[in-house]
Trainee: 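Dumping the structure here so I can ask a few things about it.
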There are 2 protein chains.
Amino acid sequence: MTTITARERLINAAVEAFAEKGFAATTTRDIASRAGMSPAAVYVHHDSKESLLYTVSLQGHRAALDVINRAALTHDEPVARIRTMVYEFSLWHAVHSRVGRIVQWEYHALTPEHRAEVGAIRRSIERTMQDALTDGVGQGVLDVTDVPGTAFSLLSLGVDLVRWFEPGGSRSGDELASLHADLAVRMVVAR
Amino acid sequence: MTTITARERLINAAVEAFAEKGFAATTTRDIASRAGMSPAAVYVHHDSKESLLYTVSLQGHRAALDVINRAALTHDEPVARIRTMVYEFSLWHAVHSRVGRIVQWEYHALTPEHRAEVGAIRRSIERTMQDALTDGVGQGVLDVTDVPGTAFSLLSLGVDLVRWFEPGGSRSGDELASLHADLAVRMVVAR
DNA sequence: GTCTATAAATCGATAGAC
DNA sequence: GTCTATCGATTTATAGAC
C-alpha cells in the first residue's frame, strides 16, 4: 500500500497549478487549497514557492533523462536506437505533459543555482541524442550533417507536445510518439 | 522618416519584458520603466496589462500566419513549397524569437475572448500546412500518412526555437531554418 | 500627455494558539 | 502538524495637479 504524505500532496497540487496557470501566476494559497490545506501549512513541508518548483523541475528533468538514457541502451543498431529514443522521449512528454510543461517552460523561474543544476541535466539529454547520431554516422548507417542541430530537432518534436497535448484528447500519446519515431528515422537514415 | 509613438514605445518595452520574464512576472512598472515613462503613463496609451499582451500576441500571430501563407504561394511544386514554408516559418521564429515566445507561451494569459480570436489564427496556420501536405499527397509527390500530426511536427521545429534561440548566438537563424527545411523534406517526400 | 501620490487588492511568508 | 490571523511588501490601476 502506498501512503501519500502531506509533502507529496502539496507537490501534486503544485504540478496541477503550475502547469495550468504558470509558476508566476500561481499563488501559494491556490496550491494549499488544491491540497486541502491552509495557506500556512505549505511552509511546514516546503521552504518556499520556488523550492516547490525546484522539486518538480528536478524530478521531471531526471525522469526525462532517465527515459532517454534507458532507450539508448535498448539497441546497438543506430536506426532502431534513434527510433526508440524519439518514441520514448515523445511518449514521456505526452503522458507527463503537465510536468513536462513545467520542465520546459518554467526553467527561467528557478533561482540561478537551481537553474544551473537543472541545466546540466538538459545538456546531458542533448548529449545522449548527439552521441546516438554520431555513432550512427560513424557506422555509415545515418546521414546527418549537423549533429547538434538535428539532435535538437528530434527532441523538439516531443518537447513541443507539452504546448497543446491533453491526456484524454483525440490523439493518444502512443500514436503521436509512433509518428515522431517514424519521422525521426526518415530525417536521419542514410540511403 | 519613422516616428515612434509613445504607444509603440510601450509595446516594444512590453515585448522585451514579457519575453524575458513572462507575462505574469512582469510588472506594469517594469514596462513603464523600459519605455522611459512613469507607471501612470502606461494607462494613457493602453487599457490594461492584458491589452498590451493582446496587442503583441495578435500582431505576432498575424505576422506568423502571413509568413506561412506567403511562403505557400511561392511554389506550385509540393516539395519546394513545403521546403519554403518550413524555412520561412522557422526563420520567423528565430528572427522574432521574443515575440515568438510571447505568441507561443503566453496564449493562456489572454482573456477567453482574446484567446478565441488568436486561436482562430493558430488553426489557420495549421490548416495552411495541412493543405500543402494534402496537395502533395494528391499529386503523388509526398508520402504522408498522418497529415494533421505531420503538419504539427513540421511547425514544432520552428515553434521550439523560441525556447532557447538567442539572436547573436553561435548559430544563425538562416542556418537553423535551412536545417529544418532539409529535415522537413526528408520527412515527407515520397521515394 | 506627463507627472506624483495613493487607493484597493493581493501576494509570499510568518506568528502563535491548539 | 494544523489552524486563524496578520505582517509587510508589492501589485494593477486611478486621482488629480500641471
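Here the structure is a predicted model, which is why all the values come from computation and not from measurement.
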Trainee: Please write out which residues are connected to A:Val44 in a hydrophobic cluster, directly or through intermediates, given that two of Ile, Leu, Val, Met, Phe, Trp, Tyr count as joined at side-chain heavy-atom separations below 4.5 angstrom.
Mentor: none
Trainee: So which of residues 6-20 of chain B are in contact with DNA chain C, with a heavy-atom cut-off of under 4.0 Å?
Mentor: none
Trainee: Report yes if at least one side-chain N or O of A:Thr28 is closer than 4.0 Å to OP1 or OP2 of C:dG12; otherwise report no.
Mentor: yes
Trainee: Salt bridge between A:Asp30 and A:Arg34, side-chain N to carboxylate O under 4.0 Å?
Mentor: yes
Trainee: Hey, are A:Asp66 and A:Arg62 close enough for a salt bridge, meaning a charged N less than 4.0 Å from a carboxylate O?
Mentor: no
Trainee: Under 4.0 Å from any atom of DNA chain D, heavy atoms only: list the residues of residues 39-55 of chain A that qualify, in numerical order.
Mentor: A:Ala40, A:Ala41, A:Val44, A:His45
Trainee: Of all the choices, C:dC11, D:dC3, C:dC3, which nucleotide is nearest to the side chain of A:Met37 once you look at every atom?
Mentor: D:dC3
Trainee: Give a yes or no on whether B:Ile4 atom CD1 has more than 12 heavy-atom contacts from other residues, nucleotides or ligands under 6.0 Å away.
Mentor: no
Trainee: B:Ser38 near the nucleic acid: base, sugar-phosphate alone, or nothing, with a heavy-atom cut-off under 4.0 Å?
Mentor: base
Trainee: Would you mind reading off the distance between A:Arg29 atom CZ and C:dA9 atom P, rounded to a whole angstrom?
Mentor: 15 Å
Trainee: In whole angstroms, how far is the P atom of C:dT10 from the NZ atom of A:Lys21?
Mentor: 12 Å
Trainee: With sugar-phosphate meaning primed atoms plus P, OP1 and OP2, does A:Thr26 contact a base, only sugar-phosphate, or nothing at under 4.0 Å between heavy atoms?
Mentor: sugar-phosphate
Trainee: Between A:Ser178 (side chain) and A:Asp174 (backbone), is there a donor-acceptor pair under 3.5 Å?
Mentor: yes
Trainee: Are any of the side-chain nitrogens in B:Asp182 or B:Arg186 under 4.0 Å away from the carboxylate oxygens of its partner?
Mentor: no
Trainee: So is B:Arg122 actually on top of B:Tyr107's ring, under 6.0 Å and inside 45° of the axis?
Mentor: yes
Trainee: Under a 3.5 Å distance rule, please check whether B:Arg115 uses its side chain to pair with a backbone N or O of B:Leu110 as donor and acceptor.
Mentor: yes
